[in-house]
**Student:** 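The structure that follows is given in the form of structure tokens.
Predicted model, so just to flag it, every value in this text is computed and none were measured.
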Amino acid sequence: MEVPPEMLDTLAGWFAQTLSPDAAARRAAEQSLAAAASTPGFALALLGLASSPRHDLQARLAASVHFKNLLRRRWPKPADDADDADHLPPNDCVIIKTHILQLLLTAPPLIQSQLSEALAAAAASDFPARWESLLPSIVSSLGNALSAGDVPATNSLLAAAVSLFSRFRNAFDSNTLRIDLKYCLDTFAAPLLEVFLSTSRRLQASAAAASPLEIRPVFECLRLCCEIFYSLNSVDLPEFFEDHMREWMTEFRAFLTTSYPPPVEADGAPDALRAAVCDNLQLYMEKYEEEFRAYLKEFVEAVWGLLMAPTVSPSRGQLAVTAIRFLTTVAESVHHALFGTPDAMKQICDSVVVPNLRLRDEDEELFEVNWVEYVRRDAEGSDTDTLRRAACRLLRGLAANYREQVAVLVSAQVQQMLAAYAADRANNWKEKDAAIYLVIALMQKPGATGGGTPVVDMESFFTSVIVSELQAPDWESEPMLKATVLRFLKEFKDQIPKATALALLPSVTRFLTHESNVVHSYAAIFIENLLITKDAVQVPGANVVTRAPRYVAADINSFAQQIIQSLSKALGYPDSYENPYLMKCLMRVLGIATIAGQVVHEITARLVGILMEVCNNPKNPDFNHYLFEALAAVIGKAGEQDPALVPLFEASLFPVLQRILVEDISEFWPYAFQIFAQLVNLSRPPLSQNYMQLFGVLLSNATWDRPPCVPALVRLLRAFLRKIPNELNQEGRLPNILVIFRSLVSRSSTEDSAFYMLNTLVENVGLDIINPHISEIWSALFTRLQTRQAVKFVNSLVVVMSLVSVKYGPGVLVSSVDTIQPNLFTTILQRFWIPNLKLIKGSLEIKLTAVASTKLLCESAVLLDAAAAQTWGKLLDSIVTLLSRTEQDGVQQEQNDGADAVDSQRTSGYSVSFVRLQYAGKSEDDLLKDINDPKQFLVTSLASLSAQSPGRFGPTIEQHVDPANKNALLQLCAAYNANIV
């Protein structure tokens, strides 16, 4: 694979510039990379740079990461309807598959891990059917490395296999998956066992004399074998592994029970291997208990012994987590009697739970040095289990079968810890911290199953332990204890009475200005979580339960100013400049509270100032999302309440929003257009020159070239059309919009936005403006329909045709479609509208399509023609199915205050994508406000129609409407006192 050296040098230069402190240089390099990404051979150049020994490691690593991400996004996938232009060129894919394995084997470890993931990304689509040579190549190379005793080469190949087989861990079980798995097992299971046993013998022979550095690759080899073991056993117990279970289990037990020389143990490699073994034991305990039970007792003893043994291994923490997880699985199983004796339970509590529950030096260091990771592990329940969480889960597992015994043990432990704290508050605060953590772990929480384990009197504990700590004068002392108290509040927020929570709010608010990043983050997390608490509410007069917010503006208005000011102050603390928990809390308060006057001015200026800062280097996607949500919340709430504030928002926001566009800060473009749309919606015509210039930018084809921005641009266009619909007649603007529409509808990735744009046009533009172009619109849609008949597309087509019908009349709909081709409307109706009508979703969409279909039944000459009786009956049948389905569904929709959707916006990294701002709103236009009930509209319209031609429609209904729907129609007629004669 030859790549010109000058191309590699150019790429390396761009990657170096992406790390430049100069924002302009950094952005220029990013733009160069983005532009190059669409050219053939770019992926090959990245792979070439990643494997080029003459370039520095940093550039090679950046290239390997970029290569991995590129393959994840653009490697062709089976049955993918994305445009070919979005995929890597086929020739590039062939070359990559030919060379990637060999390049991976010779790459440095850091780059090797990235190339392994890249290989897995390509293999996810092509392996094994379109990459038949991959696994045989790995097996062949593995045999050569094993024969040569080359452990590093063996590990490189096993690492590639780990990435390749990891898909079996979480994939949806299917026949296709099992066929692929069988191929992998037939090809790889025996070589894997051979490598595993050979390496295990090598470990036994050399462990006593080898140095940690020499023996580490051997442990790593065995650990990789264990990871592959897990993947290949994840779907079902393969026959090969069942037949050879004794060989695997014998080695597993040896790894758990063998003590290696202290320097080797201190290196951590043995415990990393043991942790992988414990993962495999848990898998077998969970899925293959019957086959595994013969080995269970000896493994429980071995794992228990590991937890009892002292060690200085840096990997012991992770081993303890996996070991405790295995014991928890056993405790929750039918084999729980292994722990059922009083002595065993007390030993678990004293020797496993309590030591791992207390704060360790590592926890304190993490609290101080890396507060983000501490919060992620402790409060968010990250994928990385903590020892504390694992220990508590073990207790809960025991309590599932021995509730009273566990309650007695833990209650005594809690009282003992609290007594130790009372005896020496300065030195024993960790005892109180552990006691609170125990209560958090075992007491009942809302939504939990099993009833919880009553270890304390909750009311007394809350008053004497939690409230006393919250209201203590020395509120800045023992920050870790304060953080745990605040976490307790968050965990039990649903159970705290509303009056009590509001009374505690001032005490919690002062913690927002605590100097500890964790403490003020936990205070923000509690307040934000409190404000989204919901209660079940019975809907009056209906057998429907909905969930309504417990806290509304009137409840928090008196606290809002202090909370806002405290959050604003905390955002200025070191390491909290971009604290997402603070910003999310601020967003929530601004979205619920009613603020006015100086507070609005101050917080708007503060948020705009923060936005100006993050524009220099957007690096925290969660924080930035909540920042824009906060801006949208204050604009929406305050701007609607006081229109005089709109000029303030415009003056404050236009400079920074224009900077985002001018400096091409692409991460923020979708947000900027949504804020612009919000400002346009709040403005009153005639719009200012600034807005009209923006309107001109909006109508430029180049603006729409960025797919992530398209939904936001459509929302902005919608806002403009609501304010200035007649402007479309000026300067050829509507033809421009239709060019953009045709481009959007031609791609499945943007067709949703195309329909949203078209719906916006129909809703806001008169027939005189759109009529000259309506044939062009239908032609674009029906041309696309010939190759795109997916349910989503057809449903969207039915919705837009329904809009045309109710806005301009059924006659206009029918005649404009038939202009394309005679009787085309009838064909569309029979082939697409009637079959898909019953599949429409969304309350407004259901109402719209039901009413439009009813109007066709009762007003369209095409359908009222006697020759169309069958089509008429089938359309009525589909309408009744649609309306009956909505009744059966119950339509139990919760009130949406932005609380539920905002969390789903979180991203794991920065890829420019559209993320909808909940507080910027997406108000839907209802063209049928005067029709409250589509069921009533149907039967009254049918009654009026039949009254004009008595006896005509009854036989049609009898012949062409399903019996169940006939009964439903009769019930509707009775309910609304209407008769079809």
**Student:** Taking R360 first and then D363, would you say they form a salt bridge - that is, a charged N and a carboxylate O separated by under 4.0 Å?
**Tutor:**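 Yes, this pair counts.
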**Student:** Using atom types as modelled, flag every donor-acceptor pair under 3.5 Å from a side chain in residues 291-298 to any protein atom, sequence neighbours excluded.
**Tutor:**
residue : atom : partner : partner atom : Å
R293    : NE   : E289    : OE2          : 3.3
R293    : NH2  : E289    : OE1          : 3.4
R293    : NH2  : E289    : OE2          : 3.1
K297    : NZ   : E301    : OE2          : 2.7
E298    : OE2  : R253    : NE           : 3.4

**Student:** Answer yes or no: is there a donor N or O on one side and an acceptor on the other, between the side chain of H335 and the main chain of V330, under 3.5 Å?
**Tutor:**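 It does not hold such a pair.
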**Student:** Please list all pairs passing the salt bridge (Lys or Arg N to Asp or Glu O under 4.0 Å) test where one or both residues lie in residues 459-472, with sequence neighbours left out.
**Tutor:**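 Counting only pairs at least two positions apart or across chains, the salt bridge (Lys or Arg N to Asp or Glu O under 4.0 Å) contacts touching residues 459-472 are K432-E469, E469-K482.
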**Student:** Can you give the donor-acceptor pairs under 3.5 Å from side chains of residues 409-422 to other protein atoms, not counting sequence neighbours?
**Tutor:**
residue : atom : partner : partner atom : Å
S411    : OG   : V455    : O            : 3.0

**Student:** Restricting to salt bridge (Lys or Arg N to Asp or Glu O under 4.0 Å), what partner residues turn up for R216, sequence neighbours left out?
**Tutor:**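 Partners of R216 under the salt bridge (Lys or Arg N to Asp or Glu O under 4.0 Å) test: D267.
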**Student:** Return yes if a side-chain donor-acceptor contact under 3.5 Å exists between S576 and H520, otherwise no.
**Tutor:**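 H520 and S576 do have a side-chain donor-acceptor pair below 3.5 Å.
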**Student:** Is R388 positioned over the aromatic face of Y437, cation under 6.0 angstrom from the ring centre and no more than 45 degrees off axis?
**Tutor:**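 Here R388 passes the 6.0 Å and 45° test against Y437.
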**Student:** Please check if the side chain of R550 supplies one atom and the backbone of T533 the other of a donor-acceptor pair under 3.5 Å.
**Tutor:**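 Between the backbone of T533 and the side chain of R550 there is no qualifying donor-acceptor contact (under 3.5 Å).
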**Student:** How about T386 and D378: does a side-chain donor come under 3.5 Å of a side-chain acceptor?
**Tutor:**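 No - no donor-acceptor pair under 3.5 Å links their side chains.
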**Student:** Taking only residues at least two apart or on different chains, which pairs with a member in residues 220-229 satisfy salt bridge (Lys or Arg N to Asp or Glu O under 4.0 Å)?
**Tutor:**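 Qualifying pairs, neighbours excluded: E220-R223, R223-E227.
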**Student:** Quick one: do R547 and D535 make a salt bridge, cutoff under 4.0 Å?
**Tutor:**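 Judged by the 4.0 Å cut-off on N to carboxylate O distance, R547 and D535 do not form a salt bridge.
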**Student:** Using ring centroids (six-membered ring only for Trp), state whether F252 and Y284 fall under 6.0 Å.
**Tutor:**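 No, the ring of Y284 stays outside the 6.0 Å limit from the ring of F252, centre to centre.
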**Student:** Under the side chain to side chain donor-acceptor pair (under 3.5 Å) test, which residues partner E332, sequence neighbours left out?
**Tutor:**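 Side chain to side chain donor-acceptor pair (under 3.5 Å) list for E332, sorted by chain: empty.
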**Student:** So, taking the atom named CD1 in I348 and the one named CG in L327, what distance separates them when rounded to the nearest 0.5 Å?
**Tutor:**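 That separation rounds to 7.0 Å.
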